[in-house]
Amino acid sequence: MFFVDYIKNISKGGIFIKIKKLLFIGMCFLFKLSVPQRASPFELLGEVVWSTVEGEEPGMGIKFVYFDDS
């Protein structure tokens with residue numbers, strides 16, 4: 001699955017992606033995060049931990065999944 005949207009909130013633990021096409025809670029997926037002034041995007045593993053379709057900002061909360069501390 002491919003989607004492009006934008007992040008409303010980001011922290012060390014995860015992100016909120018504003019998007020209308022939601023994934024299932026518990027689903028893990030690999031995604032790329034582009035950051036200005038960085039040549040290549042970060043490749044991250046995320047897990048959908050919550051979602052909402054209500055209000056002006058439908059979207060989902062994604063928890064970063066880390067394999068090690070690096």
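Rounding to the nearest 0.5 angstrom, the gap separating the OG atom in Ser11 from the CZ atom in Phe64 is 7.0 Å. Between the CE atom of Met60 and the CG atom of Leu22 there is a distance of 6.5 Å, given to the nearest 0.5 Å.
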Without placing hydrogens or testing angles, list every side-chain donor-acceptor pair under 3.5 Å for residues 23-51, not counting sequence neighbours.
from, atom 1, to, atom 2, distance (Å)
Arg38, NE, Ser40, O, 2.9

